[in-house]
Asker: 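So that we are looking at the same thing, I have put the structure below in C-alpha cells.
Numbers for residues simply follow the sequence, beginning at 1.
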Amino acid sequence: MKYGNDRKKGNLSVNSLNENNGISQSRCGHKFAARYSQIVESNNSIMAKGLFGSSLMKKFWMSLTGLFLISFLVVHCAVNAAIFFNDGGMTFNKVAHFMGTNIIIRTMEIVLFLGLILHIVDGLMLYFQNRKARPVKYAYEKANASSKWYSRSMALLGTLILLFLVMHLYHFWLRTRITGLTIDHAHVFYEGKKYEDLFGEMKFVFQHWWVVVIYVLGCFSLFWHLLHGFRSAFQSLGFNYTKYGTTIAFAGDVFSVVVPTVFAAMPIAMFFEWIA
C-alpha cells in the first residue's frame with residue numbers, strides 16, 4: 001500500500017511538473033509573440049513615417065542637406081568675392097549676370113531652396129525630438145562634459161542664420177528676381193552690353209551701419225554653426241572615424257573661419273568705402 005501511495009505521489013509530481021512546464025512554455029510563447037508583434041508594429045510605424053522615420057534617418061538627411069548647403073556657400077562666397085577685384089564692380093556684375101541668366105543655375109536655385117527647407121524642417125524635428133526625449137534637465141550636469149556650447153545650440157544658431165537669411169533675400173534675391181533694384185541707375189554697360197548694377201545695389205544697402213552690424217552678426221552665427229555642422233555631417237555619414245577624420249576636422253575648422261570672414265568683409269569694406 002505504501003509503495004502504491006508513493007507511486008501515485010510520483011505520478012502526481014510528474015503531472016504537476018509537466019503542467020508547470022506547459023504553463024511556462026505557454027507564457028514564453030506569449031511573451032515572444034507579444035515582443036515580435038511590437039517589433040513588427042515599430043517597423044511598420046517607421047516605414048509609415050517615410051524618410052524621417054527614425055532619428056538615424058533624420059541625422060542622415062540633415063547631413064546630406066548640410067553638405068549640399070556647404071557646397072552652395074563655396075560658390076556663393078567665390079562669386080561675391082569678385083567685388084574685391086576693385087574694378088568698379090565690373091567683374092562682379094558680369095559674374096552675377098551669368099549666375100542670374102544661366103538656365104542650369106536658375107534650376108539649381110530651386111533645388112537650393114528645397115534643400116534649405118528640408119534642412120530647416122529636419123533640424124526642427126530633431127530639436128523637438130530631443131526635447132521630448134528629455135523634457136526635464138538633470139538636477140546637475142556639467143556643461144562641457146561631453147559637448148561644446150555651440151554643438152548644443154545648433155537650433156538657436158540656425159534660427160539666427162534664418163532670420164539673417166530672410167533679410168539677405170529681401171535685399172538682393174527679391175530685388176534682382178522680382179521687384180527690380182532700388183537704385184536710380186539700375187543698369188550699367190560694359191563693352192556695349194547691358195548689365196544690372198548689383199554692385200551699386202550692394203553699395204546702397206551697406207551704407208547703413210545697422211545693416212552692416214546685422215550682416216556681421218549673421219556671419220558670426222554662421223561661423224559657430226559651421227564649426228560643429230561641418231564635421232558633424234561627415235560623422236553622421238560615417239567618415240569621421242576613418243583615417244581621414246583628422247583631415248576632415250581641420251578642413252572644417254578652416255572652412256568655418258574663411259567663408260564667414262569673407263562674407264563679413266564685404267559689407268564692412270562697402271561701408272568704409274575700401275572698395276572703389
Asker: NE2/H97 to CG/N102 distance, rounded to the nearest 0.5 angstrom?
Answerer: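 Nearest 0.5 Å value for the NE2-CG distance: 10.0 Å.
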Asker: Using side-chain heavy atoms (C-beta onward) and a distance below 4.5 Å, is L217 in contact with V213?
Answerer: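 When only atoms from C-beta onward are counted, V213 and L217 do touch, with a gap below 4.5 Å.
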Asker: Is it the case that one hydrophobic cluster holds both I120 and L165, taking links as side-chain heavy atoms less than 4.5 Å apart, direct or via other members?
Answerer: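 As far as the 4.5 Å side-chain criterion goes, L165 and I120 are connected within one cluster.
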Asker: Look at the side chain of T65 and the backbone N and O of M62, then say whether any donor-acceptor pair between them is shorter than 3.5 Å.
Answerer: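 The answer is yes, because a donor-acceptor pair under 3.5 Å joins these two groups.
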Asker: Is there a side-chain contact between L181 and F204 in this structure, where contact means two heavy atoms from C-beta onward sitting under 4.5 Å apart?
Answerer: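 Not in contact.
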Asker: Do you know which two heavy atoms are closest between P267 and V212, and how far apart they sit?
Answerer: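 Distance-wise, the nearest heavy atoms are O-CG2, 3.9 Å.
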Asker: So does R177 pair up with E109, basic N to acidic O under 4.0 Å?
Answerer: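 Yes, charged N to carboxylate O under 4.0 Å.
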Asker: Kindly indicate whether the side chain of F223, heavy atoms from C-beta on, has any atom under 4.5 Å from the side chain of V259.
Answerer: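 SC-SC contact between F223 and V259 ruled out.
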Asker: If you draw a 6.0 Å radius around CZ in F113, do more than 12 non-hydrogen atoms from other residues or ligands fall strictly inside?
Answerer: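 Above 12, so yes.
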Asker: Kindly give the heavy-atom pair with the smallest separation between I275 and A269, and that separation in Å.
Answerer: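 Looks like CD1-CB, 3.7 Å.
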Asker: Look at the rings of F234 and F230 and say which category their plane angle falls in: under 30° parallel, 30 to 60° tilted, over 60° perpendicular.
Answerer: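 Ring orientation, 0 to 90° scale: tilted.
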Asker: Take F199 and V188 through the side-chain contact (heavy atoms from CB on, under 4.5 Å) test and state the conclusion after the steps.
Answerer: CA-CA 10 Å; F199 180 82; V188 290; over 6 Å; no
Asker: Can you tell me how far the CZ atom of F98 sits from the CD1 atom of I105, to the nearest 0.5 Å?
Answerer: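 Between F98 CZ and I105 CD1, I get 5.5 Å after rounding to 0.5 Å.
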Asker: Would you please indicate yes or no on a ring centroid separation below 6.0 angstrom for Y190 and Y195?
Answerer: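 Y195 vs Y190: aromatic centres under 6.0 Å.
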Asker: Would you call I83 and M270 a side-chain contact if the rule is heavy atoms closer than 4.5 Å?
Answerer: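 I83 reaches M270 side chain to side chain.
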Asker: Between L114 and L118, does a side-chain contact (heavy atoms from CB on, under 4.5 Å) hold up when you go through it step by step?
Answerer: CA-CA 6 Å; L114 293 176; L118 182 60; over 6 Å; no
Asker: Atom CD1 of I161 and atom CG of L222: how far apart are they, to the nearest 0.5 Å?
Answerer: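 Here the interatomic distance stands at 5.0 Å.
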Asker: Decide whether W173 and V111 are clustered together by the hydrophobic rule: side chain heavy atoms of Ile, Leu, Val, Met, Phe, Trp, Tyr closer than 4.5 Å, transitively.
Answerer: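 Yes; tracing contacts between hydrophobic side chains, which count when under 4.5 Å, links both residues.
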Asker: Could you label the plane-to-plane angle of the H168 and F172 rings as parallel, tilted or perpendicular, counting under 30° as parallel and over 60° as perpendicular?
Answerer: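 The arrangement is tilted - the two ring planes meet at 30° to 60°.
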Asker: Would a single hydrophobic cluster contain both V74 and M266, if residues Ile, Leu, Val, Met, Phe, Trp and Tyr are joined by side-chain heavy-atom contacts under 4.5 Å?
Answerer: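 Looking at the clustering, V74 is in the same group as M266.
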Asker: Flag the pair R231 / D253 as yes when at least one side-chain heavy-atom distance between them is below 4.5 Å, and no otherwise.
Answerer: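 Result yes, sub-4.5 Å side-chain heavy-atom pair found.
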Asker: For T182 and E201, which I'm curious about, is there any donor-acceptor pair between the side chains at under 3.5 Å?
Answerer: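 Yes, side-chain donor-acceptor contact under 3.5 Å.
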Asker: Looking at K59 and D122, does any basic side-chain N land under 4.0 Å from a carboxylate oxygen?
Answerer: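 No salt bridge links K59 with D122.
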Asker: To the nearest 0.5 Å, how far apart are CG in L160 and CZ in F164?
Answerer: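 Answer for the CG-CZ pair, L160 versus F164, is 11.5 Å.
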Asker: Would you say that V211 contacts H171 through its side chain, given a criterion of any heavy-atom pair below 4.5 Å between the two side chains?
Answerer: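 V211 reaches H171 side chain to side chain.
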Asker: Under the criterion side-chain contact (heavy atoms from CB on, under 4.5 Å), I'd like the reasoning laid out for W209 against F271: C-alpha separation, chi angles, the key distance, then a yes or no.
Answerer: CA-CA 7 Å; W209 67 268; F271 179 78; 3.8 Å; yes
Asker: Provide the closest heavy-atom pair for V79 versus F92 in the form atom of the first, atom of the second, distance.
Answerer: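 Here V79 and F92 meet closest at O-CD1, 3.6 Å.
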Asker: When you measure from the side chain of T91 to the backbone of D87, do you find a donor-acceptor pair of N or O atoms at a distance under 3.5 Å?
Answerer: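 Judged by distance alone, no pair lies under 3.5 Å.
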Asker: Between H76 and N80, does the side chain to side chain donor-acceptor pair (under 3.5 Å) criterion hold? Intermediate values first, please.
Answerer: CA-CA 6 Å; H76 192 55; N80 283 270; 3.3 Å; yes
Asker: Any chain of hydrophobic side-chain contacts (each under 4.5 Å) joining I110 to L64?
Answerer: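 I110 does not cluster with L64.
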Asker: Can you hop from I70 to V258 via hydrophobic side chains spaced under 4.5 Å?
Answerer: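 Per the 4.5 Å side-chain linkage, I70 and V258 are co-clustered.
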Asker: So, do W61 and H119 sit near enough that their side-chain heavy atoms are less than 4.5 Å apart?
Answerer: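 With C-beta onward as the side chain, the pair stays apart.
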Asker: Between E191 and M90, is the side-chain contact (heavy atoms from CB on, under 4.5 Å) condition met? List the steps.
Answerer: CA-CA 11 Å; E191 301 171 353; M90 182 179 68; 5.9 Å; no
Asker: So does S236 get a backbone contact from the side chain of S63, meaning a donor-acceptor N/O pair under 3.5 Å?
Answerer: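 It does not hold such a pair.
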Asker: Going from CZ on R175 to CD1 on I183, what distance comes out if it is rounded to the nearest 0.5 angstrom?
Answerer: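 If we round to the nearest 0.5 Å, R175:CZ and I183:CD1 are 10.0 Å apart.
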Asker: Is there a side-chain contact between Y170 and V166, using heavy atoms and a 4.5 Å cut-off?
Answerer: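 When only atoms from C-beta onward are counted, V166 and Y170 do not touch, as no gap falls below 4.5 Å.
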Asker: Checking the side chain of N93 only, and the main-chain atoms of G89 only, is there a donor and an acceptor separated by less than 3.5 Å?
Answerer: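 Yes, N93 side chain to G89 backbone: donor-acceptor pair under 3.5 Å.
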Asker: Working to the nearest 0.5 Å, report the span between NZ of K203 and CG of D197.
Answerer: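 Rounded to the nearest 0.5 Å, the NZ-CG separation comes out at 8.0 Å.
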Asker: Using the benzene-type ring in the case of Trp, are the ring centres of F263 and Y215 under 6.0 Å apart?
Answerer: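 When the ring centroids of F263 and Y215 are compared, they turn out to be at least 6.0 Å apart.
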Asker: Mark yes when over 12 heavy atoms from residues, nucleotides or ligands other than I104 sit less than 6.0 Å from its CD1; otherwise mark no.
Answerer: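 It does not: I104 CD1 has 12 such atoms or fewer within range.
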